[in-house]
Amino acid sequence: MIILRRFGRAAYLWAILPSIALVLFLFGYPIFDIVRTSLHEVTRFGAVGEFIGTENFEFLFADPVFIFSLWRTLSWTVVVVAGTILLSLPIAMILNEDFYGRSLARTIVLLPWAISLTMTAIVWRWALNGQYGMLNATLIRLGLSSERTEWLATADLAFPIAIGLGMLVSTPFTVAVLLGGLSSVPRELYDAGRIDGAAGPTIFRFITLPLLAPFLNLAVILNIIYVFNSFPIIWVLTQGGPANSTDILVTYLYKLAFRYGDFGPAAAMSLIMVALLLIFSVFYSWLVTRGEYRG
């Protein structure tokens, strides 16, 4: 501490310089390597060949599977995140109330968060199996269906099921974030609102929602990053099939790199995914900042 006081800011800089260098290496080198790979021809064994410029990017944008996967990823992300927020907000508000058994209810809602996402997807794949799955057996025994349904055989059924499962596994984390926000709202504000004659919807609109906005923004951004890059659900349920009809970008990237050996286009796709997330984060932050400034 005596040395730091004597040399001032320069000493602090030299003290944290090794940590900064380590972080730059851990994050900077992989990005550099991916950029280099995306601009070169790469063999199936990972050997980098000659410089080919933007040919890997041109290959992707000429690939109809990539284009469909891109639009499917955007719809997957928007629907799952929006559905998760709409589902988690009322659950968080109920769990924030004081009632008998609230601790047990919170534990039940948050418990799935501790379970591996891959294991959850495997359990649901077994349940949705067309031949011996639990869902078909239950529907037949209840008389709601007379024949077995292949739930994961077509994109028309498999993709909505994956979306529903995505919302289900994202809800516990989102509820935890929103509960943290709701618990920070002073009870005195609600009491003052009721004294002034405000009803439930009015209290929610003018007290709860504005104070919960930072936590909602955090939940939205984290869920978008999480869902956009979510690999296990689609991969375990359908592996992007049948015929790439349920692929999203992250599953198609895996196929390009490790099934087809196209490491150059796969590296280019990873850069496109990073750019999309960066653009969204900047745009969403701008919207939030503008809204707070106007408010």
Side-chain angles (χ1 to χ4, degrees), residues 1-60 66 70 73 77 81 113-114 116-118 170 173-174 176-177 180-181 214-215 217-232 235 248-290 292:
M1 290 299 296
I2 296 176
I3 297 176
L4 292 177
R5 290 175 182 174
R6 180 176 298 178
F7 291 97
R9 295 180 179 178
Y12 284 101
L13 179 60
W14 282 104
I16 64 173
L17 191 59
S19 299
I20 295 176
L22 179 62
V23 171
L24 289 177
F25 174 76
L26 292 177
F27 286 93
Y29 177 74
I31 293 176
F32 166 78
D33 189 60
I34 291 175
V35 172
R36 182 174 68 96
T37 303
S38 68
L39 299 176
H40 289 76
E41 184 178 350
V42 184
T43 66
R44 294 180 63 90
F45 302 101
V48 178
E50 62 177 335
F51 178 80
I52 58 174
T54 60
E55 287 187 17
N56 286 322
F57 294 91
E58 295 171 3
F59 169 82
L60 284 179
F66 168 76
L70 174 61
T73 302
T77 304
V81 172
W113 191 12
S116 167
L117 183 57
T118 302
S170 302
F173 168 76
T174 309
V177 173
F215 296 89
N217 294 331
L218 177 64
V220 168
I221 290 179
L222 291 179
N223 271 306
I224 284 179
I225 296 173
Y226 173 73
V227 172
F228 187 89
N229 294 310
S230 182
F231 177 81
W235 188 256
I248 57 176
L249 286 179
V250 67
T251 58
Y252 188 49
L253 184 152
Y254 179 86
K255 288 181 180 180
L256 279 179
F258 302 109
R259 181 174 290 181
Y260 309 142
D262 293 331
F263 292 102
M269 188 188 300
S270 66
L271 290 177
I272 293 172
M273 293 173 64
V274 170
L276 288 174
L277 285 175
L278 181 62
I279 291 171
F280 169 79
S281 299
V282 172
F283 178 70
Y284 187 81
S285 300
W286 175 75
L287 285 180
V288 171
T289 304
R290 188 181 68 168
E292 291 178 352

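Here the side chains of Val250 and Ser230 are not in contact, with every heavy-atom distance at 4.5 Å or above. In this structure, Phe215 and Thr174 have side chains that are not in contact, with every pair of non-hydrogen atoms separated by 4.5 Å or more. Proximity of Ile272 to Leu60: side-chain heavy atoms (C-beta onward) are separated by under 4.5 Å at one or more points. Leu117 is not listed as a side-chain neighbour of Phe231, based on a closest heavy-atom distance of 4.5 Å or more. Side-chain contact between Asn229 and Leu277 is present, with heavy atoms from C-beta onward closer than 4.5 Å.
Pairs of residues two or more places apart, or lying in two chains, that qualify as salt bridge (charged side-chain N to carboxylate O under 4.0 Å, His left out) and include a residue from residues 253-269 are Asp247-Lys255. Legend: side-chain hydrogen bond (donor to acceptor under 3.5 Å, both in side chains) pairs involving residues 21-35, not counting sequence neighbours, sorted by first then second residue: Asp33-Arg36.
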Using side chain to side chain contact (heavy atoms under 4.5 Å, CB included), reason through Ile221 and Tyr226 one step at a time and then give a plain yes or no.
CA-CA 9 Å; Ile221 290 179; Tyr226 173 73; over 6 Å; no
| How far apart are the C-alpha atoms of Phe228 and Leu249, what are their side-chain angles, what is the distance that settles it, and do they pass the side chain to side chain contact (heavy atoms under 4.5 Å, CB included) test? | CA-CA 8 Å; Phe228 187 89; Leu249 286 179; 4.1 Å; yes
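Here the OG-CG distance, from Ser38 to Asn56, works out to 6.5 Å after rounding to the nearest 0.5 Å. For the atom pair Leu24 CG and Ser19 OG, the distance stands at 11.0 Å (nearest 0.5 Å). Distance check: Phe263 CZ to Thr37 OG1 gives 9.5 Å after rounding to the nearest 0.5 Å. Remark: Tyr260 OH to Arg44 CZ distance equals 11.0 Å, nearest 0.5 Å. Atom CG of residue Leu70 and atom CG of residue Leu276 lie 6.0 Å apart, to the nearest 0.5 angstrom. In this structure, the separation between OG1 on Thr77 and CD1 on Ile225 is 11.0 Å, given to the nearest 0.5 Å.
Heavy-atom contacts from other residues, nucleotides or ligands closer than 6.0 Å to CZ of Phe27 number 12 or fewer.
Shortest non-hydrogen contact noted between Ser170 and Asn223 is CB-OD1, 3.8 Å. Smallest separation of non-hydrogen atoms from Ala176 and Trp113: CB-CZ3, 3.8 Å.
Ring-centre distance between Phe66 and Tyr252: not below the 6.0 Å cut-off.
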